[in-house]
Trainee: 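Can you keep this structure in mind? I'll have questions shortly.
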Protein chains: 2
Amino acid sequence: MRATVLNAGLAELVDVGFHALSLEGIARRAGVNKTTLYRRWGTKEALMLDAIRERASAKVPIPDTGSLREDLVTLVRAAIANLLTPEVQAMVRVGIALSPHENAVATMVSSFWTERLAVDGVVVERAIRRGEIPPVDPGGVIEAVLGPPYFRALVTGRPVTDEFLAGTVDLVLTGLLDPEHREVRGDLP
Amino acid sequence: MRATVLNAGLAELVDVGFHALSLEGIARRAGVNKTTLYRRWGTKEALMLDAIRERASAKVPIPDTGSLREDLVTLVRAAIANLLTPEVQAMVRVGIALSPHENAVATMVSSFWTERLAVDGVVVERAIRRGEIPPVDPGGVIEAVLGPPYFRALVTGRPVTDEFLAGTVDLVLTGLLDPEHREVRGDLP
DNA sequence: GCTAAAAGCAACAAAAAGTTGCTTTTAGGG
DNA sequence: CCCTAAAAGCAACTTTTTGTTGCTTTTAGC
């Protein structure tokens, strides 16, 4: 029942967007009485926070192919495939919109990404340990490869092709590897 | 009067967020009768679209220092200083949130970025013409340098320092310059 | 200083949001 | 199996928000 409602909430979010969301609408969609939602969550903010938190807790597998390039491409590909999903995209967009005004959302988003950058960062740490690249901030590398595709998907709206993903990873890696520009990597982007 | 209302709309957006925005609230803030707003814009979507469109039409100066690195750093620095402004940030966030559900917003955002990437891209084109870097997609370079800072500012929430901006530009430039990795740049990220 | 367009105003109507008291269902413990 | 407490359903209701309308007042341009 809880699951039904949270799913209905996400589905409704995808369809109408957060600003047009109502507890009544979700109740109707879930085939549930609105009183239940009012008693259990009170507001659409609380309900959606609950729904998103649930979904966002899914674990992602961390690749370990022995090549940083392969690992990163795999990781970014999975992240973006996920982001291009209607539900995840709606969740991310609503997170971006609400963060400044809903403290609970901001907290959740922040801790999600802290963990996520740390977890994904291990592929970078391994590469450093292997001597594949010089020491850099692992989280920064993840941001460097996720940034442009996210930017495309959410901001400029240009198509996020697989070539673009791979190209971004290659560009970043080349930058990290180049011996002539080592000095710029002190505080890695 | 129109200006007063649009300003009030943006101020209200910054304060309460789009989801909590109401024509009545804006009217109150602008010291104007709500009837006026209903007659002139009808909905908060229309009003905010108008407000944002107005603000987004400001022209940015395009640097031409003779060095791509300098040009890009200047450009990115200006863009991010702008983004870190409460008003612009609120506008960008609301654009991201509404794009999928408000066609007019999506259209505006899309054409804004198409133009913006083209305009900013001229610093890249000049560098190519100077032979400073090999031929690449200029818009892609702009996305590559704006992506990570935008990602930080809007998604991960980590602080966007000046070192981070410069580091991103350096990383991208190093990748572009490196002669051993030229092949990856065919369809530039 | 006349006039047409725009803004103000107050009084509504309509709809959405939220609440309440009570009934029904359901899951667990005896 | 049945009893019970918690959860869900239901319907009626209040309140708040949203949007509308007819009319008056202000204002800008001639």
Side-chain angles (χ1 to χ4, degrees), chain A residues 1-55 57 90-91 93-95 97-105, chain B residues 1-55 57 90-91 93-95 97-105:
Chain A
M1 137 66 177
R2 180 182 138 87
T4 312
V5 170
L6 296 186
N7 281 338
L10 285 179
E12 197 75 354
L13 177 67
V14 170
D15 282 3
V16 308
F18 187 79
H19 66 291
L21 212 58
S22 74
L23 284 189
E24 306 228 16
I26 298 172
R28 216 175 307 124
R29 181 163 202 144
V32 139
N33 197 279
K34 71 169 177 166
T35 326
T36 307
L37 304 197
Y38 274 110
R39 287 208 256 249
R40 243 174 109 150
W41 286 280
T43 65
K44 61 176 178 172
E45 283 83 1
L47 193 153
M48 292 315 296
L49 181 67
D50 201 359
I52 294 177
R53 186 173 271 142
E54 189 101 352
R55 281 301 175 94
S57 64
M91 283 165 43
R93 287 179 190 269
V94 82
L98 295 191
S99 282
H101 309 102
E102 298 285 328
N103 225 281
V105 173
Chain B
M1 135 69 179
R2 179 184 139 87
T4 312
V5 170
L6 297 187
N7 281 338
L10 285 179
E12 197 76 354
L13 177 68
V14 169
D15 282 2
V16 307
F18 186 78
H19 67 291
L21 211 59
S22 74
L23 285 188
E24 306 228 17
I26 298 171
R28 215 174 310 123
R29 181 162 203 145
V32 138
N33 197 277
K34 70 170 178 164
T35 327
T36 306
L37 305 197
Y38 274 110
R39 287 208 256 249
R40 239 171 112 149
W41 287 280
T43 65
K44 62 176 178 172
E45 284 83 0
L47 193 153
M48 292 315 297
L49 182 67
D50 201 359
I52 294 177
R53 186 173 272 141
E54 189 101 350
R55 281 301 175 94
S57 64
M91 283 165 43
R93 287 179 192 269
V94 80
L98 295 190
S99 282
H101 309 102
E102 297 286 328
N103 226 281
V105 174

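So that the names make sense, note that chain A is the first sequence line, chain B the second, and so on, each numbered from 1.
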Trainee: Taking only the side-chain heavy atoms of A:Met1 (C-beta and beyond), determine which of C:dG8, C:dA6, D:dA8 contains the nearest atom.
Mentor: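 Looking only at heavy atoms from C-beta outward on A:Met1, the closest nucleotide is D:dA8.
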Trainee: For A:Asn33 and D:dA7, what is the distance between atoms CG and C1' respectively, to the nearest whole Å?
Mentor: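 Result: 12 Å.
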Trainee: So how far is it from A:Leu6 CG to A:Met1 CE, rounded to the nearest 0.5 Å?
Mentor: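 The CE atom of A:Met1 is 9.0 Å from CG of A:Leu6, to the nearest 0.5 Å.
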Trainee: Any chance you could list the contact pattern along nucleotides 16-30 of chain D? Use B for base contacts, S for sugar-phosphate-only contacts and - for none, protein heavy atoms under 4.0 Å, 5' to 3'.
Mentor: --BBBBBB-------
Trainee: Can you tell me how far CG of A:Leu47 sits from CZ of A:Arg2, rounded to the nearest 0.5 angstrom?
Mentor: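 Those atoms lie 9.0 Å apart.
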Trainee: Whole angstroms only, please: what is the CG-C1' distance between A:Leu47 and C:dG18?
Mentor: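 After rounding, the reported distance stands at 15 Å.
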Trainee: Expressed as a whole number of angstroms, how long is the span from A:Ile26:CD1 to C:dA17:P?
Mentor: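 Checked: the CD1 to P distance equals 11 Å.
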Trainee: If I take atom CG from residue A:Asn103 and atom CG from residue A:Leu98, how far apart are they, to the nearest 0.5 angstrom?
Mentor: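 A:Asn103 atom CG to A:Leu98 atom CG measures 12.0 Å (nearest 0.5 Å).
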Trainee: Take the protein atom CG of A:Leu37 and the nucleotide atom C1' of D:dA7, then report the distance between them rounded to whole Å.
Mentor: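 From A:Leu37 CG to D:dA7 C1': 13 Å.
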Trainee: Say you draw a straight line from CD1 of B:Ile26 to OG1 of B:Thr4; how long is it, rounded to the nearest 0.5 Å?
Mentor: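 If we round to the nearest 0.5 Å, B:Ile26:CD1 and B:Thr4:OG1 are 13.0 Å apart.
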Trainee: Do you know which two heavy atoms are closest between A:Ser99 and B:Arg93, and how far apart they sit?
Mentor: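 Between these two residues, the closest heavy atoms are CB-NH1, 4.1 Å.
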Trainee: At what distance, to the nearest 0.5 angstrom, does CD of A:Glu12 lie from CG of A:Asn7?
Mentor: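 Spacing of CD (A:Glu12) from CG (A:Asn7) equals 12.5 Å.
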